[in-house]
K.L.:
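One structure coming up, written as structure tokens, with questions to follow.
So you know, we letter chains A, B, ... as the sequences are listed, proteins then strands, and number each from 1.
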Amino acid sequence: MKLTTAYYQHTDVVALAPTFLGKVLVTVIDGELTSGVITEVEAYAGVNDKACHAHMKKVTARNIVMYEPGGCLYAYLCYGIHTLMNIVTNQANQADAVLIRGIEPVDGLAVMEQRRGKTSGRDFANGPGKLSQALGASPALTGMSLQSDVVWLEDRGIEPPTDFQKLKRVGIDYAGEDANLLWRFKVNTLFGERGHKAWCNKL
DNA sequence: TATAAGATTTACT
DNA sequence: GTAAATCTTATAT
């Protein structure tokens, strides 16, 4: 079942982010349903976070959607090549978001392999640009409600992992001391071929 | 209008 | 381990 709007509007994004681990991210693009279990996320905490696009209440055409109430998608292009998928959280005008950094494929594997131009296995969707490509996501999805039938998160009854690592966020060296915050959450044990089977057995 | 930099990935040495 | 690919966005003239 889809996660509710109230779930996304939790006011503490750093506490909320690790609860996305084990949830299933689903997209329906061009009539093809694809999905994957979330294995890695990062929290971005609005105006007080130097690494966040909304730091210092900055508002641009790109990041305006971060100020919406929690429960919609923020997808943008990075390095001109890669789409990065974020879940907007918290209340209106609280510009928090959770970056999805890794998934394990579940549904529509053949479609995802075609989009990626690779066969599945280790390193198939363990990066924000990779999983977005696999799921067919593009910046055009920005602002889409997670209650829509295009993109959403599902709870399929997987126990929230307790053995995740807390790590420094990556790729944000420009953020000064905020680059040292342990706001990246990664599941350790369920990666690669073995991990994929372990997830599917639970679903 | 022009320029610099980026929440990355991939290939190559 | 290092560097290239690649283009939108943001900021400065």
K.L.:
Using the six-membered ring for Trp and the full ring for Phe, Tyr or His, decide whether Tyr79(A) stacks on the six-membered base ring of dA5(C) (centres under 5.5 Å, planes under 30°).
P.N.:
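Answer is no, no stack.
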K.L.:
So Ile172(A), base contact, sugar-phosphate only, or nothing? Heavy-atom distance under 4.0 Å.
P.N.:
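Answer is sugar-phosphate: Ile172(A) comes under 4.0 Å of backbone atoms only.
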K.L.:
Applying a 4.0 Å non-hydrogen cut-off, can you work out what Leu99(A) is touching in the nucleic acid: base, sugar-phosphate, or nothing?
P.N.:
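Leu99(A): base contact, heavy atoms under 4.0 Å.
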K.L.:
Could you give me the CA-CA distance, side-chain angles and deciding distance for Val98(A) and Val13(A), then say whether side-chain contact (heavy atoms from CB on, under 4.5 Å) is met?
P.N.:
CA-CA 7 Å; Val98(A) 176; Val13(A) 67; 3.7 Å; yes
K.L.:
Rounded off to whole Å, could you give me the CZ-to-P distance for the Phe124(A) and dT10(B) pair?
P.N.:
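Taking CZ of Phe124(A) and P of dT10(B), I get 11 Å after rounding.
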K.L.:
Of all the choices, dA7(B), dA5(C), dA10(C), which nucleotide is nearest to the side chain of Met66(A) once you look at every atom?
P.N.:
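Per side-chain heavy atoms of Met66(A), the pick is dA7(B).
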K.L.:
What is the nucleic acid contact for Arg169(A), judged by heavy atoms within less than 4.0 Å: base, sugar-phosphate only, or nothing?
P.N.:
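No contact.
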K.L.:
Distance check needed: dA10(C) P versus Asn63(A) CG, whole Å only.
P.N.:
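In whole Å, dA10(C) P lies 7 Å from Asn63(A) CG.
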K.L.:
Between P on dG6(B) and CG on Asp173(A), what's the gap in Å once rounded to a whole number?
P.N.:
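In whole Å, dG6(B) P lies 9 Å from Asp173(A) CG.
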K.L.:
What is the distance, rounded to the nearest whole Å, between atom CG of Leu77(A) and atom P of dT9(B)?
P.N.:
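Rounded to the whole Å, the gap is 12 Å.
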K.L.:
For Phe185(A), does the six-membered ring have the charged nitrogen or CZ of Arg101(A) within the cation-pi criterion, i.e. under 6.0 angstrom from the centroid and within 45° of the normal?
P.N.:
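Negative - Arg101(A) is either too far from the ring of Phe185(A) or too far off its axis.
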K.L.:
Ignoring the backbone of His82(A), work out which of dT8(B), dA7(B), dT10(B) is nearest its side chain.
P.N.:
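Of the options given, the side chain of His82(A) lies nearest dT8(B).
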K.L.:
Calculate the interatomic distance between Lys130(A) atom NZ and dA7(B) atom P; express it in whole Å.
P.N.:
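Rounded to the whole Å, the gap is 18 Å.
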K.L.:
Kindly say if Arg101(A) contacts the phosphate of dT8(B), meaning a side-chain N or O under 4.0 Å from OP1 or OP2.
P.N.:
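Affirmative; the distance criterion is met.
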K.L.:
Taking the side chain of Lys58(A) as heavy atoms from C-beta outward, which of dA7(B), dT6(C), dA10(C) is closest to it?
P.N.:
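Among dA7(B), dT6(C), dA10(C), the one nearest the side chain of Lys58(A) is dA10(C).
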K.L.:
So do Leu135(A) and Met112(A) actually touch side chain to side chain, heavy atoms under 4.5 Å?
P.N.:
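Heavy-atom side-chain distance check passes, below 4.5 Å.
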K.L.:
Can you work out whether Tyr44(A) or Lys118(A) has the more 5'-proximal nearest nucleotide on DNA chain B?
P.N.:
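It is Tyr44(A) whose nearest nucleotide is closer to the 5' end.
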K.L.:
Could you tell me whether Arg116(A) contacts a base, only the sugar-phosphate backbone, or nothing, with contacts defined as non-hydrogen atoms closer than 4.0 Å?
P.N.:
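Sugar-phosphate contact only - Arg116(A) comes under 4.0 Å of backbone atoms but never of a base.
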K.L.:
Which of the following nucleotides, dA7(B), dT9(B), dA5(C), is nearest to the side chain of Ile81(A)?
P.N.:
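Selected nucleotide: dA5(C).
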K.L.:
Expressed in angstrom and rounded to an integer, what is the separation of His53(A) atom NE2 from dT8(C) atom P?
P.N.:
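Rounded to the whole Å, the gap is 16 Å.
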K.L.:
With a 3.5 Å limit on both atom pairs, tell me what dT6(C) is paired to, counting Watson-Crick and G-U wobble, or say none.
P.N.:
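Base partner found: none.
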K.L.:
Between dT6(C) atom C1' and Leu84(A) atom CG, what is the distance in whole Å?
P.N.:
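About 15 Å, once rounded to whole Å.
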K.L.:
Less than 3.5 Å apart, any donor N or O on the side chain of Arg116(A) or Gln133(A) sitting next to an acceptor on the other?
P.N.:
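Yes.
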K.L.:
Do Thr83(A) and Ser138(A) have side-chain atoms, one donor and one acceptor, less than 3.5 Å apart?
P.N.:
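Short answer, no.
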K.L.:
What is the separation between atom CD1 on Ile64(A) and atom P on dT8(C), rounded to the nearest whole Å?
P.N.:
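Roughly 21 Å, once rounded to whole Å.
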